[in-house]
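What follows is one structure encoded as structure tokens, with my remarks underneath.
A, B, ... follow the sequence lines: proteins, then strands. Residue 1 opens every chain.
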Amino acid sequence: MQDWSKDPELRVQHLTMRFGGLTAIGDLSFDAGRKQITALIGPNGAGKTTVFNCITGFYKPTEGMINLRHADGTEFMLERMDDYIITQKAKVARTFQNIRLFSGMTLLENLMVAQHNMLMKASSYTIGGIFGSGKFKRAENEALERCKYWLNKVNLMDRADDPAGDLPYGAQRRLEIARAMCTGPRLLCLDEPAAGLNPRESDELNKLLLSIRDDHNMAILLIEHDMSVVMGISDHIVVLDYGRKIADGTPAQIKVDPAVIRAYLGVEEDEDPGENIVVAAAPAKVAKVSVPRVVVQKRVAKKPVVKKGGRK
Amino acid sequence: MSGPVKDTSVSSEQGAISWFDLVKDLIGTAILTMLILTPIVTFKTTMNQGVLFIEDRWVQSLLLTAAVVIGRLLLHLFVWHKPPSTAAAKPVVAKAPLSESLAKYVAPAMLAIAIVLPFVLHQVPSWDKRGIDFMITILIYIMLGWGLNIVVGLAGLLDLGYVAFYAVGAYAYALLSTIYLPLWFGPGVVPWAFYIILPISGLLAATWGVILGFPVLRLRGDYLAIVTLAFGEMIRLVLINWFSFTNGPQGINVPKPTFFGLPFKDEPGGFAAFFGIPHDRIYSYIFLYYVILVLALITYFATNRLRRLPIGRAWEALREDEVACRSLGINTTTTKLTAFAIGAMFGGFAGCFFAARQGFVSPESFVYIESAMILAIVVLGGLGSQIGIVFSAIVIMGAFELFREFGAMGHAVQDGLMYVLPDAVVSGIGSLFTGTFGALYGLLPDAMRNSLAGATTGMDPIQFRMLAVGLAMVLMMRFRPRGLVTRRQPTVFLKERKSVSSDLVAEGHG
Amino acid sequence: MEYFLQQLINGLTLGSIYGLIAIGYTMVYGIIGMINFAHGDVFMVGSVVSFIVILGLGITGGSGSFMIILALALVVIIAMLIASVYNWTIERVAYRPLRGSFRLAPLISAIGMSIVLQEFVRIAQEGRPKPIQAVITGKHELLHRLTEGGEFIVTISNMQILIIISTLALMAIFTMIIQRTSLGRAQRACEQDQKMASLLGIDVDRTISITFILGAALAAFAGMMFFLYYNVTDFFIGFLAGIKAFTAAVLGGIGSIPGAMLGGMVIGLIEVMWSAYFSVEYKDVAAFTVLVIVLIFMPQGLLGKPEVEKV
Ligand SMILES: Nc1ncnc2c1ncn2[C@@H]1O[C@H](COP(=O)(O)OP(=O)(O)OP(=O)(O)O)[C@@H](O)[C@H]1O
Ligand SMILES: [Mg+2]
């Protein structure tokens with residue numbers, strides 16, 4: 001038994017998600033250890049984001065169980081809970097693959113919105129807030145302090161009063177992480193946080209994630225294509241292909257796993273091997289899944305049109 | 001693409017248009033316009049002693065067509081194909097936002113004006129009551145605009161049935177003040193009815209907001225719009241048809257509000273008698289003016305306060321991205337419901353005031369067009385901007401009233417000018433106007449003059465006002481979709497409050 | 001039973017009219033994802049234009065049947081032409097420049113357009129309803145029964161036959177166009193992905209224009225039938241008919257053309273049955289209630305496909 005399975009923060013069992021005829025995840029089971037970074041990797045369309053959506057309640061899984069157990073022993077069955085309750089009660093926070101910030105609000109406001117539930121309670125559900133109760137003022141100051149802490153942590157303090165939509169891409173990614181952290185989570189789910197970052201930025205990201213894990217005792221679930229991030233910081237890697245788990249282990253084990261190598265390097269070497277080994281495998285996969293894709297993806301809002309090198 | 005192209009894609013980047021293309025375009029426009037006008041404008045069907053017959057109006061439709069073609073020609077010559085240099089200089093000016101340092105003083109200045117206004121209008125003879133009454137109307141719409149702004153501007157939920165809550169407030173006042181309050185507490189309570197019912201009407205409207213909102217708030221933008229529209233109509237239809245309760249289309253006469261128990265009447269216990277001043281109906285108007293001013297200000301400050309509370313921030317976040325809100329643990333359903341209910345509450349207050357001020361309510365006041373008007377005010381103001389709504393309410397209601405009061409307004413302006421300018425100047429301006437138009441008119445050939453006279457008789461300007469509102473909505477979306485005030489003020493800041501350009505602000509999913 | 005049969009016939013007639021209007025909503029929604037608020041008023045324009053032409057031609061129920069057929073053919077053509085011109089212009093002036101603008105913009109522009117059309121017709125043609133003598137007269141008895149309760153007759157009028165049959169024919173032609181021609185293919189391609197369609201050489205603007213024209217032609221036909229059926233029209237009929245037809249489109253599953261027709265029939269039946277068995281006053285309330293219930297409990301409609309919100 002691996003050490004992440006002894007007392008896992010998150011336990012996913014037999015998770016299956018179907019969209020019409022398409023099985024995006026098939027019978028997936030894995031554990032995410034407490035105070036560990038667990039990476040979820042796999043080629044495009046493998047179903048990684050769908051796993052996140054099931055964990056955070058945005059999709060209701062067709063089958064399977066998702067259990068969350070905090071260190072203090074409280075347990076949650078996430079597959080039965082509504083999305084916002086999962087964040088509120090089970091303390092799971094997430095970021096999105098296509099960044100979803102409140103772009104017309106300032107950085108500070110973004111982080112304040114994340115503390116909504118705490119502030120709502122402190123404002124006696126608005127009544128106390130209207131009359132400026134002391135309790136609310138204290139809570140608000142506390143919230144502002146937390147905002148400052150996280151703004152400093154992600155290096156965005158000097159832009160606190162700028163609209164989030166004005167930030168460069170990398171900063172938006174960091175802000176989204178800070179915003180997720182402001183909800184006070186126990187489990188943090190990050191969907192491709194390093195996408196579009198330059199090497200220096202992704203280095204900083206590594207440090208940030210390690211610090212979140214170590215200083216805040218968090219469990220982190222990470223989807224990432226950037227292998228330098230994945231191999232550098234994760235304690236445990238789960239590999240998906242076509243919605244099924246093909247490997248599960250430490251980075252060292254995964255690197256030499258024949259199934260993974262087949263899935264990733266089944267096609268010829270990539271032009272740019274160091275940067276992103278996923279890209280090479282993608283065309284073959286996409287060609288197969290693209291038939292159902294056209295059928296099910298009707299008028300998808302705001303999805304970036306072509307996001308990966310694999311789709312030509 | 002061939003044919004007439006009504007499209008800005010014929011933009012300034014293209015150089016001069018060739019004569020051939022221009023002529024082709026104009027001919028196309030003419031044909032299209034004729035096709036649009038011919039059946040409906042040219043052949044007017046009139047009923048005469050029970051018999052319908054057709055009266056043709058070729059002159060009018062030809063004149064209109066000519067106007068359209070000439071307009072398009074002018075656009076071609078002076079707007080669409082301008083040399084690049086001037087075209088490049090223009091947008092910079094047009095895009096300059098309302099200067100922020102100025103904006104800081106605008107609100108207090110307007111408040112000051114609003115406070116002294118009745119006294120100023122009081123001085124203008126022949127227009128005092130009318131003027132104040134008109135200001136009351138504007139304030140009602142400002143208040144409605146601010147109320148709807150919570151729903152549409154802040155929470156980003158498109159509500160096309162806002163007038164329903166206005167109706168709930170109005171009928172709450174009507175029914176409670178005429179039937180239930182006297183029934184429960186005796187007739188002595190009637191002078192105080194307005195003060196008692198005002199809070200109740202807001203609560204009732206808010207309750208209706210929750211009842212109507214609960215089932216529909218899961219819906220996406222356009223669907224929400226059409227369902228709220230349907231709800232608005234349903235409430236109106238019930239008001240019309242539930243005769244035993246609402247007295248149907250005939251409406252209900254209701255008592256006017258009193259000055260804390262003192263009626264505005266020429267009688268011993270009345271307002272004037274109490275203060276020992278001569279009776280004048282103007283006091284009633286001034287009183288109502290201040291009541292609605294206070295109500296509107298409450299709306300303003302309450303909304304401002306709410307924006308700075310977690311609930312208000314959640315509304316705005318909801319408008320920006322609902323999915324992200326849910327991922328942060330915000331219960332979007334209750335958040336939407338509160339926006340809906342609080343917006344409805346202010347609508348209910350306004351409705352209660354409206355009923356009391358009119359002294360009469362009937363379902364006719366609560367048609368869908370009213371909702372569209374209020375929405376137009378909010379959108380023209382700039383979604384989410386409270387100051388913008390003041391401007392747009394003044395502009396829209398002012399223009400609206402202009403149609404109705406063309407004559408009266410002219411007199412009032414004249415009166416007003418007379419007040420400040422020497423007589424000679426005023427009459428000079430007047431004769432200049434009549435002189436110019438008279439001369440132009442004289443230049444026209446006889447036949448045309450006759451038909452012009454024929455065309456314009458029976459055409460009361462008031463007829464055109466809704467048409468103008470509709471056109472304004474279309475043009476607004478085309479040329480200034482973000483409204484008059486296009487910057488959003490953040491609700492909290494660390495070092496300085498920097499306003500956010502509306503290009504970044506989302507408009508909600510509805 | 002006889003009463004029910006009679007109401008069934010009436011409901012199907014009304015439903016055909018709603019269905020024809022609903023197709024316009026559904027197609028436009030399918031292709032550019034907006035509710036064309038002015039569509040109900042295009043229906044109204046079609047109705048008023050056919051009224052004017054009929055009055056101008058001077059045909060009445062007394063004219064010979066050959067004359068009537070000839071005249072009606074002319075009326076149909078003119079009404080369709082004019083309504084198409086209206087809708088085409090509306091799209092060019094009020095919607096196309098707003099493509100890519102913020103989401104509320106086309107909707108508000110459409111509301112404005114709807115007001116403009118209503119007011120335009122009201123001002124130009126006076127607000128009063130326009131009645132006319134029935135042009136198509138005559139009816140057939142389907143059932144005649146004498147019981148002690150009284151005499152029960154079920155009839156179907158020539159007008160009802162005309163409406164139901166011509167609607168079915170139009171539907172058939174229309175479905176053919178959508179399924180068999182390159183226009184239909186272009187339309188479906190634009191529905192899926194406009195950018196991709198234009199990359200593949202489809203003239204997206206033209207496809208959208210044609211969609212508006214087709215929708216308007218069907219609405220104009222419905223407008224004419226509405227007018228001939230009730231023998232009266234006015235500038236305001238578009239509002240209610242528009243909402244009900246939209247309800248029909250949603251009920252059938254927005255984006256689906258057979259759905260629109262089916263939804264129209266259901267709404268027509270509900271309205272007629274409600275008037276017949278409960279109360280005439282609340283028939284519109286009943287239709288609105290259906291709209292609300294459908295949107296809440298099955299937003300994908302009868303024939304639409306369910307969609308999972310993608311995160
Ligand atoms: N809401 C949905 N409706 C229909 N199909 C969906 C939906 N969400 C995801 N899918 C499908 O499920 C499959 C897995 O998608 P998913 O987004 O989870 O992949 P991924 O592993 O995150 O890929 P990527 O690396 O590109 O982000 C894809 O084929 C996708 O089209
Ligand atoms: Mg993904």
**OP:** Report yes or no: does Glu281(C) contribute a side-chain atom to a donor-acceptor pair with the main-chain N or O of Val238(B) at less than 3.5 Å?
**Re:** no

**OP:** State the CE-CD1 distance between Met473(B) and Ile111(C), to the nearest 0.5 angstrom.
**Re:** 5.0 Å

Original post:
To the nearest 0.5 Å, what is the distance between CG (Leu224(B)) and CG (Leu295(C))?
Top reply: 9.5 Å

Subject >> Whether over 12 other heavy atoms sit under 6.0 Å from Arg128(C) CZ >> reply: no

**OP:** Answer yes or no: does atom OH of Tyr282(C) have more than 12 heavy-atom neighbours from other residues, nucleotides or ligands under 6.0 Å?
**Re:** yes

Subject >> Region of Ala225(B) in contact with chain C, defined by heavy-atom distances below 4.5 Å >> reply: side chain

**OP:** Fit a plane to each ring of Tyr368(B) and Phe37(C), take the angle between them on a 0 to 90° scale, and name the class: parallel (under 30°), tilted (30 to 60°) or perpendicular (over 60°).
**Re:** parallel

Original post:
Given that the side chain runs from C-beta out, which part of Ile35(C) has a heavy atom under 4.5 Å from chain B: side chain, backbone, both or neither?
Top reply: both

**OP:** Would you check if Glu233(B) and Asp284(C) make a side-chain contact, meaning some heavy-atom pair closer than 4.5 Å?
**Re:** no

Original post:
At a heavy-atom separation under 4.5 Å, does Ile369(B) approach chain C through its side chain, its backbone, both, or neither?
Top reply: side chain

Original post:
In terms of heavy-atom pairs under 4.5 Å with chain B, which of Val292(C), Val49(C), Leu55(C) leads?
Top reply: Leu55(C)

Original post:
For the atom pair CD1 (Ile82(C)) and CD1 (Ile40(B)), what is the distance rounded to the nearest 0.5 Å?
Top reply: 8.0 Å

Original post:
So what's closer than 4.5 Å to chain B heavy atoms on Phe246(C): side chain, backbone, both or neither?
Top reply: side chain

**OP:** Taking all heavy atoms of Phe288(C) and all of Met234(B), pick out the closest pair and write down the distance.
**Re:** CB-SD, 3.4 Å

Original post:
Measuring heavy-atom distances to chain C, does Ser327(B) have an atom under 4.5 Å in its side chain, in its backbone, in both, or in neither?
Top reply: neither

Original post:
Just how far is it from atom CG of Leu291(C) to atom CG of Leu229(B), taken to the nearest 0.5 Å?
Top reply: 9.5 Å

Original post:
Considering only heavy atoms, which portion of Tyr95(C) lies under 4.5 Å from any heavy atom of chain B: side chain, backbone, both, or neither?
Top reply: neither

Original post:
Given a strict heavy-atom distance threshold of 4.5 Å, which part of Pro106(C) is in contact with chain B: side chain, backbone, both, or neither?
Top reply: neither

Original post:
With chain B, which of Ile108(C), Leu240(C), Val85(C) has the greatest number of heavy-atom pairs at distances under 4.5 Å?
Top reply: Ile108(C)

Original post:
Where do Ile52(C) and Pro39(B) come nearest, in terms of heavy atoms and distance?
Top reply: CD1-O, 3.3 Å

Original post:
Quick one: of Ala94(C), Gly58(C), Ala105(C), who has the most non-hydrogen atom pairs under 4.5 Å with chain B?
Top reply: Ala105(C)

**OP:** Work out which heavy atom in Gly112(C) is nearest to a heavy atom in Val474(B); give both atom names and the distance.
**Re:** C-CG2, 3.9 Å

**OP:** For chain C, find which of Thr45(B), Leu237(B), Val227(B) contributes the most heavy-atom pairs closer than 4.5 angstrom.
**Re:** Thr45(B)

**OP:** Test Val41(B) against Phe120(C) for side-chain contact (heavy atoms from CB on, under 4.5 Å), laying out the working first.
**Re:** CA-CA 9 Å; Val41(B) 173; Phe120(C) 172 65; 3.5 Å; yes

Subject >> Atom pair CG/CD of Leu467(B) and Gln118(C) - distance to nearest 0.5 Å >> reply: 11.0 Å

Original post:
Of all of Met34(C), Glu119(C), Met113(C), which one pairs up most often with chain B through heavy atoms under 4.5 Å apart?
Top reply: Glu119(C)

Original post:
How far apart are the closest heavy atoms of Pro97(C) and Arg478(B), and which atoms are they?
Top reply: CB-NE, 3.3 Å

**OP:** Would you indicate whether the side-chain heavy atoms of Ile254(C) and Tyr223(B) approach each other to under 4.5 Å?
**Re:** yes

**OP:** Below 4.5 Å from any heavy atom of chain B, which atoms of Leu81(C) appear? Answer side chain, backbone, both or neither.
**Re:** side chain

Subject >> Minimum heavy-atom distance Val116(C)-Gly470(B), with the two atoms named >> reply: CG2-C, 3.4 Å

**OP:** Working to the nearest 0.5 Å, report the span between CG of Leu160(B) and CG of Leu107(C).
**Re:** 6.5 Å

Original post:
Ile115(C) and Met466(B): which non-hydrogen atoms are nearest, and at how many Å?
Top reply: CG2-O, 3.5 Å

